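Take a look at the structure below.
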Amino acid sequence: MSTGPAMCTGSVGVGPAAVGTTAVSADVYGVHGAAGRTRWKAFAGRRQLRSPAEAVEWASIPPGGVSGEHRHTRTEELYLILSGTGELLLNGVAHPVRAGMLALTGIGNIHGLRNTGATDLDWWVIETLPPVTTAVLTGSRSPLGGCPVSNAAVFDLFAQRSVDTAGIFSGPLKRIDYVEVPAGAQETLGAPDAELAVYVHSGTGTANSAAAADVALTTDTCLLVPAGSRLTVSATADLRFSAVTLRLPATEADR
């Protein structure tokens, strides 16, 4: 993590733009046309995000539950499995998944999830807008031309520690890092040209910036680190989290 774009050495802390946990969530039925219940939580949306991103969310389905297969025609989407076991259906092919498995689904690809285990299947969701969609939304490109089909891939983030999205995504989601901070140690997060979405897998600690009160970090805490901010994460018990780099457009980064 110390060599990645999530490190920041000279920015002024402004505090997280959004903080939340999964303690309270909504019940949603018929997600993507599938029967049954999905628990869902939105951590951040367009009002909090400066990058061309649509949402940072959490979802959960019970044993036997399904998040229906659907084609991505407008957004690029990250799924990071947090707990449980299941099958990721990617373009009709079933991939066994467990905690730490990461799926990147680009434009034109079809994905869905099935819980095959005995406990809830939980996953983190980040949905972003590729340049072709942004161009249509701003009127600089006609939607009648269609969107080119991009790539999709599955990784073991906990084993690989870092995944670069080059060649898969074309939008703001550039990198995913898995970080372990031992008890008593610290990690500094931030980037001048990107905001960071962070999800705590386990452990306890605090997140501190120069301009905001400390944020308590526990399992299933999600926070958004604004671009240009510096956040110091201190572990009181061994802390494990994932950090996603969401790059700002050049015009935004210059502000």
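Every value quoted in this text rests on a predicted model; they were computed, and no experiment measured them.
A donor-acceptor pair under 3.5 Å is formed between the side chain of T236 and the backbone N or O of T204. In terms of modelled atom types and a separation under 3.5 Å, the side chain of Q160 and the main chain of L157 share no donor-acceptor contact. A donor-acceptor pair under 3.5 Å is formed between the side chain of K41 and the backbone N or O of V24. Of the possible polar contacts, none joining the T206 side chain to the V215 backbone as a donor-acceptor pair under 3.5 Å is found. In this structure, H72 contributes its side chain and H70 its backbone to no donor-acceptor pair below 3.5 Å. S25 places no side-chain N or O within 3.5 Å of a backbone atom of T22 that could act as its donor or acceptor partner. Side-chain N or O atoms of T21 include one that pairs as donor or acceptor with a backbone N or O of A23 at under 3.5 Å. When atom types are taken as modelled, the side chain of N115 and the backbone of G65 share no donor-acceptor pair closer than 3.5 angstrom.
The residues R240 and D238 are annotated as not salt-bridged, no charged nitrogen and carboxylate oxygen being separated by less than 4.0 angstrom. Of the charged side-chain nitrogens involved, at least one lies within less than 4.0 Å of a carboxylate oxygen, so that D27 and R37 count as a salt-bridged pair. Between R46 and E54 a salt bridge is recorded (basic side-chain N to carboxylate O distance below 4.0 Å). Contact check on R247 versus D193 returns a salt bridge, with a Lys/Arg side-chain nitrogen under 4.0 Å from an Asp/Glu carboxylate oxygen.
In terms of the side chain to side chain donor-acceptor pair (under 3.5 Å) criterion, residue partners of T105 (sequence neighbours excluded) are, by chain and number, H111.
Contact between S170 and P130 at its shortest, heavy atoms only, is OG-CB, 3.5 Å. Closest approach of A235 to P182, counting heavy atoms only: CB-O, 3.4 Å. The shortest heavy-atom contact between P172 and P52 is CG-O, 3.3 Å. When all heavy atoms are compared, the tightest approach of G203 to L239 is C-CD1, 3.6 Å. The minimum heavy-atom distance between Q48 and A18, with the atom names listed, is CG-CB, 4.3 Å. Nearest heavy-atom pair across T219 and S202 is OG1-CA, 3.4 Å.
In this structure, L248 and E195 have side chains that are in contact, with non-hydrogen atoms separated by less than 4.5 Å. Counting heavy atoms from C-beta on, the side chains of L78 and I176 come closer than 4.5 Å. In this structure the side chain of V163 never reaches within 4.5 angstrom of the side chain of R175, judged on heavy atoms. Between L224 and L49, the closest side-chain pair of non-hydrogen atoms falls below 4.5 Å. Taking the side chain as every heavy atom from C-beta outward, V233 and L217 approach each other to under 4.5 Å. At a threshold of 4.5 Å between non-hydrogen side-chain atoms, the residues T221 and F43 do not count as touching. Contact of the T128 side chain with the T75 side chain is not registered, since no non-hydrogen atoms from C-beta on lie closer than 4.5 Å.
Of the N and O atoms on the side chains of R39 and S60, at least one donor lies less than 3.5 Å from an acceptor on the other residue. T232 and Q186 form no side-chain donor-acceptor contact under 3.5 Å, judged by distance and modelled atom types alone. Under 3.5 Å, the side chains of S242 and H201 contain a donor-acceptor pair of N or O atoms.
Grouping the Ile, Leu, Val, Met, Phe, Trp and Tyr side chains by contacts below 4.5 angstrom, directly or via other members, places V56 with W58. Cluster membership check: F241 does not share its hydrophobic cluster with I81, using side-chain heavy-atom separations under 4.5 Å among Ile, Leu, Val, Met, Phe, Trp and Tyr. The cluster map of Ile, Leu, Val, Met, Phe, Trp and Tyr, joined by side-chain heavy atoms under 4.5 Å apart, puts V154 and I168 in different clusters. Each of V66 and V31 belongs to its own hydrophobic cluster when Ile, Leu, Val, Met, Phe, Trp and Tyr are linked at side-chain heavy-atom distances under 4.5 angstrom.
Summarising the geometry, atom OG belonging to S209 is positioned 10.0 Å from atom CZ belonging to R230; distances are rounded to the nearest 0.5 Å. The CG atom of L104 sits 10.5 Å away from atom CG of N109, with the distance rounded to the nearest 0.5 Å. L121 contributes atom CG, which lies 8.0 Å from atom OG1 of T116 (distance to the nearest 0.5 angstrom). To the nearest 0.5 Å, atoms CG (L113) and NE2 (H95) are separated by 11.0 Å. Residue L189 holds its CG atom at 9.5 Å from OG of S229, rounded to the nearest 0.5 Å. Distance CD1/I61 to CG/D120: 9.0 Å, rounded to 0.5 Å.
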> Would I126 and L246 satisfy side chain to side chain contact (heavy atoms under 4.5 Å, CB included), going step by step from the backbone distance to the final call?
Replying inline: CA-CA 10 Å; I126 299 182; L246 299 167; 4.2 Å; yes

>> One pair to check against side-chain hydrogen bond (donor to acceptor under 3.5 Å, both in side chains): E76 and S150. What are the steps and the verdict?
In response: CA-CA 9 Å; E76 299 173 331; S150 56; 4.9 Å; no

>> Under the criterion side chain to side chain contact (heavy atoms under 4.5 Å, CB included), I'd like the reasoning laid out for L196 against T245: C-alpha separation, chi angles, the key distance, then a yes or no.
In response: CA-CA 5 Å; L196 305 175; T245 299; 3.6 Å; yes

>> Checking V244 against D177 for the side chain to side chain contact (heavy atoms under 4.5 Å, CB included) test, could you report, in this order, the C-alpha distance in whole Å, the side-chain angles of both residues, the deciding distance, and whether it holds?
In response: CA-CA 6 Å; V244 172; D177 291 285; over 6 Å; no

> Would Y79 and L102 satisfy side chain to side chain contact (heavy atoms under 4.5 Å, CB included), going step by step from the backbone distance to the final call?
Replying inline: CA-CA 6 Å; Y79 278 5; L102 173 72; over 6 Å; no

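Residue R98 qualifies as open at atom CZ: its count of foreign heavy atoms under 6.0 Å is 12 or below.
Checking F155, Y178, W124, Y199 one by one against L80, the side-chain contact (heavy atoms from CB on, under 4.5 Å) holds for a single residue, W124.
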Which side-chain N or O atoms in residues 82-90 pair as donor and acceptor under 3.5 Å with protein atoms at least two apart or in another chain?
from, atom 1, to, atom 2, distance (Å)
S83, OG, D122, OD2, 3.1
E87, OE1, R114, NH1, 2.7

